[in-house]
Amino acid sequence: MSSNDTALRRASDSAARTAADVWLRSFATALPTVRCAHDEAEVHDRFARVLVARYET
């Protein structure tokens with residue numbers, strides 16, 4: 001694999017915070033006038049407890 005290749009892998013528990021941060025930034029960029037229904041702590045918690053822990057993220 002060269003440095004230009006992209007590798008996909010299942011998110012680990014340690015990646016939950018980073019995945020949540022990417023989602024939060026994406027939401028804010030895509031929908032700048034829409035208020036997110038959940039605060040950052042709730043989003044981080046959901047990614048850690050549900051999305052990464054139970055699903056193939």
Side-chain angles (χ1 to χ4, degrees):
M1 191 183 311
S2 74
S3 62
N4 293 330
D5 291 339
T6 300
L8 297 179
R9 62 173 175 78
R10 185 173 183 179
S12 62
D13 292 342
S14 63
R17 182 166 191 82
T18 302
D21 288 339
V22 169
W23 186 90
L24 286 164
R25 287 193 312 267
S26 298
F27 184 94
T29 300
L31 303 166
T33 61
V34 177
R35 182 183 164 275
C36 187
H38 306 283
D39 65 26
E40 283 189 31
E42 291 171 323
V43 172
H44 284 116
D45 182 60
R46 179 149 179 89
F47 267 77
R49 285 185 317 100
V50 179
L51 297 176
V52 171
R54 297 184 189 173
Y55 299 102
E56 291 187 20
T57 304

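Computed from a prediction, not measured in an experiment: that's the story for all the values here.
- The shortest non-hydrogen separation linking T29 to P32 is O-CD, 3.5 Å.
- Evaluation of the salt bridge (charged side-chain N to carboxylate O under 4.0 Å, His left out) test over residues 45-57, restricted to residues two or more places apart or in two chains, returns D45-R49.
- The distance from the CG atom of L31 to the SG atom of C36 is 9.5 Å, given to the nearest 0.5 Å.
- Across all non-hydrogen atoms, the minimal contact from A37 to E42 is O-OE1, 4.4 Å.
- Taking each heavy atom of A16 and A48 in turn, the nearest pair found is CB-CA, 3.8 Å.
- How far CZ of F47 is from CG of D13: 14.0 Å, rounded to the nearest 0.5 Å.
- Taking each heavy atom of V34 and F27 in turn, the nearest pair found is O-CE2, 3.6 Å.
- Once rounded to the nearest 0.5 Å, the distance linking CG of D21 with NE2 of H44 reads 3.5 Å.
- A 4.5 Å side-chain heavy-atom check between R10 and T57 finds every atom pair outside the cut-off.
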